[in-house]
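Here the structure comes first, spelled out in structure tokens, and everything after it is commentary.
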Amino acid sequence: MPRSNIKTFRKGGLPIKVTIKEVAKHAGVSISTVSLAINKKERVSEELRQRVVKAIDELNYRPNGLARSLKSKKSKVIGLIIPDIVNPFFPLMVRGVGDTAKRFGYNIILCNTDGEVKEEATFLRLFEEKCVDGIIFTCAGRIKKSLSLLNELSIPKVILDRRLDDLSIPTVTVDNTKGAYMATCHLIGKGKQRILFISGPDQLQSSLDRLNGYQQALTENRLAVHPELITYGDFSFEGGQKALKDVIANKISFDAVFGANDMMTLGAMMVLSEFGLDIPGGIEVVGYDDILLASLFKPALTTVRQPAYEMGCEAVKMILRAIHSKKTWIPSKVFEPQLITRESSPGN
Ligand code: RIB
């Protein structure tokens, strides 16, 4: 019998939603046998399973995910919120989330807030409506607002990448203070004494931690922390270009640049080249993230690697423990940063 030759239509021509009851009738089995054939194949005979599959195919039945999730109270869906899908750091992290979720039989709903905190509220409400089993969350910016939104939900949650200073929510991040400390010490080791630091948005904890690491390295090496050598960007390529142009326009001298993420740092490198400043001969440059572009740029960028893919994988393992474990407290995970030296600031 050809596939779905049995059409059922409402008035107005829209197909009627085929129910599991109709599939059971069509296959000549009970509703529970259909449900087992769909959800626990090992619990029905091959002959019965084939009859159910044939009926599903002929009726063009699509199991109602929401009905199933309401019954089992599990949607097998994880909500994932990221702040900037355009920044190459995030797709790798999302890939880690997606691959691991799939490995454990889960799907993800990916939402991009574009740095807008009000979008976070929209997507968190969406996740509630869709009955997701867990939420993995990277905040857009304002820590307090994001945290209060998250804490309104009783859904298991994990914070990924950008910590929110709430120890009750398991968090996956990198030791950003250590990463910035390593980058700055590397430049000091190359004899640099006036290192320009381009920070990310100051309302982000990862920006504050990297600034802290930069300042710690200067202080420990008995170098002054000059406020004019600390400037801010928005983690974008253009933000790095603007930050560097402003510093040059203000005639602030520097002998190295450390950018709090690769996209801003690459933007700054573009401006350095436009002003004829040689890298690394005159100015040495270090970034943060180790996105693919960092190794493709000319000169290739020395940077601090964040294991974005592995962070995504870990966040899924953590959320699954939160969903399935009766334990109320799950330890957070802090990954180690790694300095990757390339042409823009060669190794010692
Ligand atoms: O490049 C984007 C930045 O924001 C990265 O450093 C990552 O930590 C994210 O939070």
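Throughout, numbering of the chain's residues begins at 1 and tracks the sequence. When a ligand or atom number is given, it counts from 1 through the structure's own listing order. Quick caveat, the model's predicted, so the values are computed rather than measured.
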At a 4.0 Å threshold, what atoms of ligand 1 neighbour a non-hydrogen atom of Phe90?
4 (O), 9 (C)
One finds that the ligand 1 atoms under 4.0 Å from a non-hydrogen atom of Arg162 are 4 (O), 9 (C), 10 (O)
Check Lys190 with Glu284, please: is the shortest side-chain N to carboxylate O separation under 4.0 Å?
yes
Basic-acidic side-chain contact under 4.0 Å: Arg51, Glu47
yes
From the options Asp290, Ile340, Leu339, select the one residue that forms a side-chain contact (heavy atoms from CB on, under 4.5 Å) with Thr302.
Leu339
I need the nearest protein heavy-atom contact for atom 10 (O) of ligand 1: residue, atom name and distance, please.
Asp161 OD2, 2.4 Å
Gln306/Phe335 under side chain to side chain contact (heavy atoms under 4.5 Å, CB included): CA gap, chis, key distance, verdict:
CA-CA 8 Å; Gln306 293 203 81; Phe335 280 90; over 6 Å; no
Short list, please: which atoms of ligand 1 are under 4.0 Å from a heavy atom of Asp289?
1 (O), 2 (C), 5 (C), 6 (O)
Could you list the atoms of ligand 1 found under 4.0 angstrom from a heavy atom of Gln306?
5 (C), 6 (O), 7 (C), 8 (O)
Report yes if some N/O of Tyr288 lies less than 3.5 Å from some N/O of ligand 1; otherwise report no.
no
Is the NZ or CZ atom of Lys102 both under 6.0 Å from the centre of the six-membered ring of Phe104 and within 45° of that ring's axis?
no
Yes or no: does Arg210 have any heavy atom under 4.0 Å from an atom of ligand 1?
yes
Could you identify the single nearest non-hydrogen protein atom to atom 2 (C) of ligand 1 and state the distance to 0.1 Å?
Asn87 ND2, 3.3 Å
May I ask you to check if Arg95 and Tyr309 form a cation-pi contact, with NZ or CZ under 6.0 angstrom from the six-membered ring centre and within 45° of the axis?
no
